[in-house]
Structure formats: structure tokens, C-alpha cells
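Quick note on labels: first sequence line is chain A, next is B, and so on, each numbered from 1. Values below: every heavy atom of this structure, side chains too, minus hydrogens, waters and symmetry copies.
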There are 2 protein chains.
Amino acid sequence: MKVDFDGIQAFVAIAELGGFGKAAEQLHVTQTALTRRLQKLEAYLGLKLFDRTTRYVELTAVGRDFLPQARVIVGEVTRSIEGLKDMSKRSHGSFTLACVPSMCAHILPEFIRQYADICPGNRIRLLDATSYEVRNAVLNNFAELGICIMGERNDELAEIPLFDDRLMFFCRDSHPFSNKSSVSWSDMSRADLIVVSNMMATRVVMDYQLAKRGIRLSGAYEVRHHATAISLVAAGVGCAILPASTLEEGDRQGIRRIPLVGPVVKRKVVLTKRKKSTLSPAADAFFNLLKDYRFEV
Amino acid sequence: MKVDFDGIQAFVAIAELGGFGKAAEQLHVTQTALTRRLQKLEAYLGLKLFDRTTRYVELTAVGRDFLPQARVIVGEVTRSIEGLKDMSKRSHGSFTLACVPSMCAHILPEFIRQYADICPGNRIRLLDATSYEVRNAVLNNFAELGICIMGERNDELAEIPLFDDRLMFFCRDSHPFSNKSSVSWSDMSRADLIVVSNMMATRVVMDYQLAKRGIRLSGAYEVRHHATAISLVAAGVGCAILPASTLEEGDRQGIRRIPLVGPVVKRKVVLTKRKKSTLSPAADAFFNLLKDYRFEV
DNA sequence: TTGATTCATGCACAAACAGCAATAATCAAA
DNA sequence: TTTGATTATTGCTGTTTGTGCATGAATCAA
């Protein structure tokens, strides 16, 4: 059983244009070739699709029945194929990007804007999730690319560092530290400290790096989202330790962002993909955009 | 632009069975051939559809997007093709038969029964219409076959005589003629005569044959359908001249059917098809059933 | 009857394709 | 680490399939 698409295509063209000659022209082959293609199809089916003499061509009853189906087939196939070719030629298409919420707010909007310039019309399905979930989404092919926090090494994943996101101290204007140019970890008082939940990658990184220096920190409050922490700070609940990317100094009225030292702790924001998986042209274009970008810290 | 159906089929099989080897088995080719088909398709598209090493095969993001479409294509094509092959092999399918109402009631039911035995599952679209309309339906390919009254010769139509349908005299039991074994045209009185409309083929044939003998007949009542005429006779409105096929003697209580003589006038019932048009296998089976049938008159 | 048009066919050549055998890459088990 | 099993890939070759050119045959119109 060897299905003959050429024959079906020839059939539709002949039926549509009412003759072998015109159909041949449209398909860019000689009329001889078309005759043969149709003959082959008819022989294979054991049916005549056209009643024809040398002077005219007319569908048989069977041909009339088949025409709509054949039209659908030809349409479906050429549409799909052309879509894919277009995809490869012009990086057209859509892809899924998994990204931690903090980066969705920080670097992503700018990149999406740039990407839209390069690949207009492309859609990005954005999956905002925790760093852990992002990595899993990429590993399981739910997302082609991920932006997350560098964590435990995984052989299946390729990770391209984007930038270092330094942890900072956030407090209100009225806080005693508000005019200091830097704050040390040892200055922290547990009483009013807001930290990220220890389920989150940022916290894991922080605890690990502090532990190496023998520092152990715990806050009075734990939250999952950076935005929540900022809200609490603004409301006067306390001070927070958060990545610098959460908020630029001066971005929000009444809230100060002060560098933390002794030691300087950073989380590494990475772009990640599965090593094994070939990116779609759409994702690849995005990947290339980010990969070589020079971040000013 | 030369679309490669084999490649798409290979793609679906590999994706579905998860490997070249199994797919090759299903498609009854060597695994070498499958590798080549997929390579060709990928080269043509400029895209990788699978990430694969020698040990495992996995869809790329693009492949995942394409799979549903490809499935539809393969399904659609094989379904259509198999349907057509089935059509040719087992005379499977449906066709349109145009037929005059009198024959729909008379010979057709029996034939449809016989046809159903030969081609179970086949559907006949029955177009009941006047003889003139039947011929036109066949000429314009609205119907593949027609059963009608032989009329003016037409080069486009092939007509196979089915049987001669003799005109008869129909009256009530109470009619003075009811016991006669035959009635002559000259016996007719115009007063209570019911004849078919002169728009109808039966009437045209009748008038023509009578005219050759110098007889000119007109009735008090004209109807389009034979069944109407019979109803009028039954109701005592008058007597009717109708084809024998309308009613068998004794079929209907209180109505007598008496041969008409001097001259004997017949209408010829024919099976007709367009000379140029090739019949569908379904219609062809029906055609062959009728063509050689011996009618006892 | 002639000429124009259009589908079909004979032939020869080129391209595509399949299969075999061998290779290469990977994973698992020893 | 090595060995073996598994599975995709590649080189090679013979065959099949497909195309185009030139020609033929059928039909319609003038």
C-alpha cells in the first residue's frame, strides 16, 4: 500500500482547472506527467475519476464524490507543510517559556519587546512558576526554555548564566538603617525580618552561602513571593532580604534598598534548556537573543 | 514543491510507536528506508522532528506541534483511499437514480430488494420526477441512472428497453364496459374520461400513436399522476386510460382493468444513462441487474 | 475535409528509493 | 572499565519510478 499524493494533487488540479494542460501549468510539470499521475492513481484505485476524450474532461460520479475529500487532503497537507517550512525559514511559531515570577517582572518584559521586533507575530506562552517548577517544566518538555535560579547541577540541563542577582536589605525610610550605605548580615535582628520561604530557590542559595560562613539566619516572617515581602515592608511590618532585581533603589516611594555585605550573597539567574532537546526556531531565536546579552549589573 | 506523503506517514509511525524499528515493521519496509524517509522530510522542512541518538527517539518541540496535524493528514488520506478502493472492489457506495413515479411503485421495489442482496449497505438516492425531468437529471449528472418513458431520441443518452407498458382502460365494476374483455378507442365517450396531462410523457406517446391512426382523444379530466386518476375512478368520477403497470387487475377492489385495442398503444419504459459518463461501481451493479432482466409482460 | 486543440503513448534517460551489509553511538550489565 | 546488546545511520548497488520530448490519435469547428 503506497499512497500517491501526487496523484491526488493532480486530480484536484485537473478537476479545478478543467483540463490537463492548465493543471500541468499550475503544478509546473508537463502535461505528460499529469496524464501519467492520474493514470497511476486511477489504476491503483481501480476507478475512473474522469470521463475524458482528447477534447474534453469531465468528472465521473465517483470523481465528483471524491473531489471534496481530495480538496481537503491537498489543502491540509500543503497548509501544514507550508506552515512548517515557514517556521524554519523565518523562525515563525510559538513556544513555551517557563520563568520565575521575579524575572517575569524584571528582565523579561524588555526581552519580550526585543523578541517581538525580531520575530513579529510569534507568541510566547509564559509559564510563571517557582525555580524548581521551571526546571521541571524544561526537563519534561512542558517548556522549551526556562529562566530560573541556578541550583543543583543536572546533567540533562544546559544552563547559561544571565546575571548575578545580589541579595539586598529592604527597609522603610524610617528604619534606623535607612541611611547606611551597606548593612552586614550580623546587623540583622530576627525580630522584624522578612525572608523568603525555605521552599524557594533564593532562600536555599542564601542559606547555603551563609552556612559556609557559619551564619544562620531566620526571619520572623516567611513569604513565597518577593512582591509580598515588599508589600509587608511598605506596610511597616519589618525589613526584608530580597534579590536586588526585586526593586531598583528609588523605584518605590518610601522604601530603601541597601547592599548587604559580609559576605556578599548572590543568586545566579540562568537561562536553561534541555541538552537533548532541539529548540524550535521560535525558541531558538529567543535563546540566541538572551544567550549573548551583556548584562550591566 | 513536491510534498512527501511517505515522510509524513513515517513521521507519524515513528512518533506513535516510539522507534524506527517498530515503525518500519508496521509499514512493511526496512528500518533503513524509514531513516531515509524521515531524513528527507526533515531536510525538506529544514527542521528536526525528532531528537534521537542510536538508543532513543524523542519528539522535538516542533515535532510535537506537527504530530496532530500529521495524524490528521495520514488518517484523512488513508481513509479516503481505502474508501475508494473498497468502492471499486465491492461495488460499495451510493448513487442517485431518477425514476418516474409509476415505476417507483411498480418495478422498482422488487429491484431495490434484489440490489440490496447483491450490494448490502449501498444507499440509493431516489429522485422521483416526471419522465422529462428524469432524462434531464441524467443528462446533467444529477442522477447516474434514470427509469423513464422512451421519448425523443437524444444522442447523449443510452436507453435500454425494460418492458412495454400497454395502455388500458380503467373503470368501476358498475360501468357498462366492466365485463368486456376489451375496449376499443372508438368506444370512448369524452364525457367521463380521465387522461394524463399532456405535459406528461405517457400522454405524448399516446397522442402520437393515436394520431398515426387518425384518432384524436381528449378527456374531461386531466391529471398529472396516475395515482390521482385511479382515485378519481374509484370515487366514481369516470373512467381512466392509464398504463397497465398502474394497477394489476384485481389489485384494487371495485376497479376493473380492461385491455384497449384498435390500436394497441404502448409506452416503452427504459433504463437510461449518459453515454459519456462512466458509472460508479454502485450504479454499475444496479445497471447490470436491470439490463439483462427478462420481463414477463 | 482540414486544421486546431488536447489527451495519450513510446522511448530514453535521470532521479528516487529500497535493501543489504557494515558502522557508529549509546546504554546496561558484568 | 569493558563488553555486549540494541538501534539508528551510512555506503553501495540494483531496481523502480517518474519525467520530458516527440509523436500519435481523437475530437470539434470551420
- To the nearest Å, give me how far apart CG (A/L27) and C1' (D/dG18) are. 15 Å
- Send over the distance from A/R36 CZ to D/dG20 C1', rounded to a whole Å. 9 Å
- Query: Roughly, in whole Å, what's the span from CG in A/L38 to C1' in C/dT6?
  - Reply: 15 Å
- Message: Looking at B/R37, I'd like to know whether one of its side-chain N or O atoms comes within less than 4.0 Å of OP1 or OP2 on C/dA18.
- Response: yes
- Item | Distance in Å, A/F5 CZ paired with B/I73 CD1, rounded so as to fall on 0.5 Å steps | 8.0 Å
- Message: Does C/dG19 have its OP1 or OP2 closer than 4.0 Å to a side-chain nitrogen or oxygen of B/T32?
- Response: no
- Would you kindly give the CD-to-P distance between A/Q39 and D/dT19, to the nearest whole Å? 12 Å
- Message: On DNA chain D, compare the nucleotides closest to B/K276 and B/T35; which residue's is nearer the 5' end?
- Response: B/T35
- Message: Check the phosphate of D/dG20 against A/Q31, side-chain N and O only, distance under 4.0 Å to OP1 or OP2. Yes or no?
- Response: no
- Task: Would you kindly check if the NZ (Lys) or CZ (Arg) of B/K276 is within the cone defined by 45 degrees around the ring axis of A/Y56 and under 6.0 Å from the six-membered ring centre?
- Result: yes
- Do we see a donor-acceptor contact under 3.5 Å between the side chains of A/T278 and B/D51? yes
- Query: Any N or O donor-acceptor pair linking the side chain of B/R55 to the base of D/dT7 at under 3.5 Å?
  - Reply: no
- Query: If only side-chain N and O atoms of B/R52 are considered, is one of them under 4.0 Å from the OP1 or OP2 phosphate oxygen of D/dT9?
  - Reply: yes
- Message: Taking donor-acceptor contacts at under 3.5 Å, does the side chain of B/T54 reach the base of D/dA8?
- Response: no
- Between B/K2 (NZ) and D/dG18 (P), how many Å, whole number? 7 Å
- Item | Side-chain N or O of B/K40 closer than 4.0 Å to phosphate OP1/OP2 of C/dC17 | yes
- What is the ring orientation for B/Y115 with B/F95, classed by angle as parallel under 30°, tilted 30 to 60°, or perpendicular over 60°? perpendicular
- Message: At 4.0 Å (heavy atoms only), tell me whether B/T53 reaches a base, stays on the sugar-phosphate, or touches nothing.
- Response: sugar-phosphate
- Message: Please determine whether ring pair (Phe, Tyr, Trp, His ring centres under 6.0 Å) holds for the pair B/Y293 and B/F111, giving the CA-CA distance in whole Å, both sets of side-chain angles, and the decisive distance to 0.1 Å.
- Response: CA-CA 10 Å; B/Y293 197 81; B/F111 278 118; 5.0 Å; yes
- Separation of C/dC7 P from A/L17 CG (nearest whole Å): 11 Å
